[in-house]
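Below, chain A is the first sequence line, B the second, and so on; all start at residue 1.
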Number of protein chains: 2
Amino acid sequence: MAGRRTDTRERIQQVALDLFVEQGYEKTSLREIAERLGVTKAALYYHFRTKEDIVHSLVEDVGTSFDEIIEWARAQGDPVGVREEVLRRLSVLITGRFGRIVQFMQDNQPALKDLHAGAVLVTRLRELFAVVGVDEADAESQLRVRLAVVALMVGNNQRFLGEFPADEAADAALRVALELASPRSGGAT
Amino acid sequence: MAGRRTDTRERIQQVALDLFVEQGYEKTSLREIAERLGVTKAALYYHFRTKEDIVHSLVEDVGTSFDEIIEWARAQGDPVGVREEVLRRLSVLITGRFGRIVQFMQDNQPALKDLHAGAVLVTRLRELFAVVGVDEADAESQLRVRLAVVALMVGNNQRFLGEFPADEAADAALRVALELASPRSGGAT
DNA sequence: GTCTATACTAAGATAGAC
DNA sequence: GTCTATCTTAGTATAGAC
């Protein structure tokens, strides 16, 4: 808030995230955001160059946190041994302060796809998959470790596992993720 | 083709699905579809009442097939014993002629959400989850069986497991799904 | 029955006044 | 830092040509 004279930028982000989570990115118009704030559309364009810019500003923090996990994992020697810790750190992020944003990203994957913000999600997810599945060669093993990441995301998504309390769902998600990521002992049929 | 003199309706569906899969539902304009077909936007409105109607026409066949699986499963006596067969039938649908449409639904879940077509996906998915997870009480078990369905969908999605040949990915998806849906023997920590 | 011409509303976006 | 006015293009609707 240092050099600025209003907090409109932050209020835009706040209201936009509310509406994006409720209705989805495409279905939320700038007019709606502006009206709820009591300003005009043009005012939004002073603070953000495009609608995409708004969502990008919301998502970039998550991207940075993902990057930190990825870089940490790559710095370690033993990829398999590190996998579990990667999932635990991811779980903390998703169940913590980034929960709503991660859910939003998950629900609006296609909308974000071609957006600049899409890179934040898609690229990072691919890197996470790579980090988590380094030593897995066949399709089944790759699918398992990638599903571990998916388990964390959908398990903490109200729309997916909404009947259970959030903390219970979060626990379950982590347990399932760890199981999916654990090296196979017995083979399949 | 009985009472009709042109195949424009089918061509619209074809072109629309192509573009929807490529670019997503929201990003594809009616002008684009019309131009690729060499007609005007208004012509589309002769064959379909709305844009949503187009996607609905694409998705309803899948919905019917899902319903058949759900109804069959409910007609059986033993819910757990039937779970495996439900997943196998789902796998056939997804890897078969409905593959592209299922991938489209998956990728455009938020766009379809409030649409009439959304009921085809969301409602059916919930019912599938219910059928597949009847006897599972805790969050972890529910998450596992629901992830089994997700495994089938993402495993057959090029964007998710694109490095492997389609048939290999399909096999892997079914194996992982069956494993996730199999009753637990050992407990977690 | 099939399609074009035309027009309407609302969206994202921009220029310039205050 | 915010507003008014305007632009382009989206989805939608309908009257009427063939």
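- Rounded to whole Å, the distance from CG on A:Leu37 to P on D:dC3 is 10 Å.
- Residues passing the salt bridge (charged side-chain N to carboxylate O under 4.0 Å, His left out) test with A:Glu179, sequence neighbours excluded: B:Arg144, B:Arg184.
- As rounded to whole Å, 12 Å separates atom C1' of D:dT9 from atom CD of B:Glu35.
- When the side-chain contact (heavy atoms from CB on, under 4.5 Å) test is applied to A:Thr64, the partners found at least two apart in sequence or on another chain are A:Glu68.
- Five base pairs at each end of the helix from C:dG1-D:dC18 to C:dC18-D:dG1 define two local axes, and these are offset by 10° (rounded to 10°).
- The B:Thr40 side chain lies nearest to C:dA5 when the options are C:dA5, D:dC3, C:dT2.
- In this structure A:Arg11 satisfies the side-chain contact (heavy atoms from CB on, under 4.5 Å) test together with A:Asp7, A:Thr8, A:Leu37, sequence neighbours excluded.
- Considering only residues two or more places apart in sequence or on other chains, A:Glu84 meets the side chain to side chain donor-acceptor pair (under 3.5 Å) condition with A:Arg88.
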Donor-acceptor pairs are to be reported for all side-chain atoms of residues 162-173 of chain A against protein atoms at under 3.5 Å, with residues two or more places apart or in another chain.
from     : atom 1 : to       : atom 2 : distance (Å)
A:Glu163 : OE1    : B:Arg146 : NH1    : 3.2
A:Glu163 : OE2    : B:Arg146 : NH2    : 2.6

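- Side-chain nitrogen and oxygen atoms of B:Tyr46 include none within less than 4.0 Å of the OP1 or OP2 phosphate oxygen of C:dC3.
- For A:Glu127, the salt bridge (charged side-chain N to carboxylate O under 4.0 Å, His left out) criterion is met by A:Arg74, not counting sequence neighbours.
- The closest side-chain donor-acceptor pair between A:Glu85 and A:Gln76, if any, does not fall under 3.5 angstrom.
- Residues that satisfy the side chain to side chain donor-acceptor pair (under 3.5 Å) test with A:Arg97, not counting sequence neighbours, are absent from this structure.
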*Can you give one letter per nucleotide of nucleotides 6-18 of chain C, 5' to 3': B if a protein heavy atom sits under 4.0 Å from the base, S if only from the sugar-phosphate, - if neither?*
-----SBBBB---
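- One can place NE2 of B:His47 at 6 Å from C1' of C:dT2, the figure rounded to the nearest angstrom.
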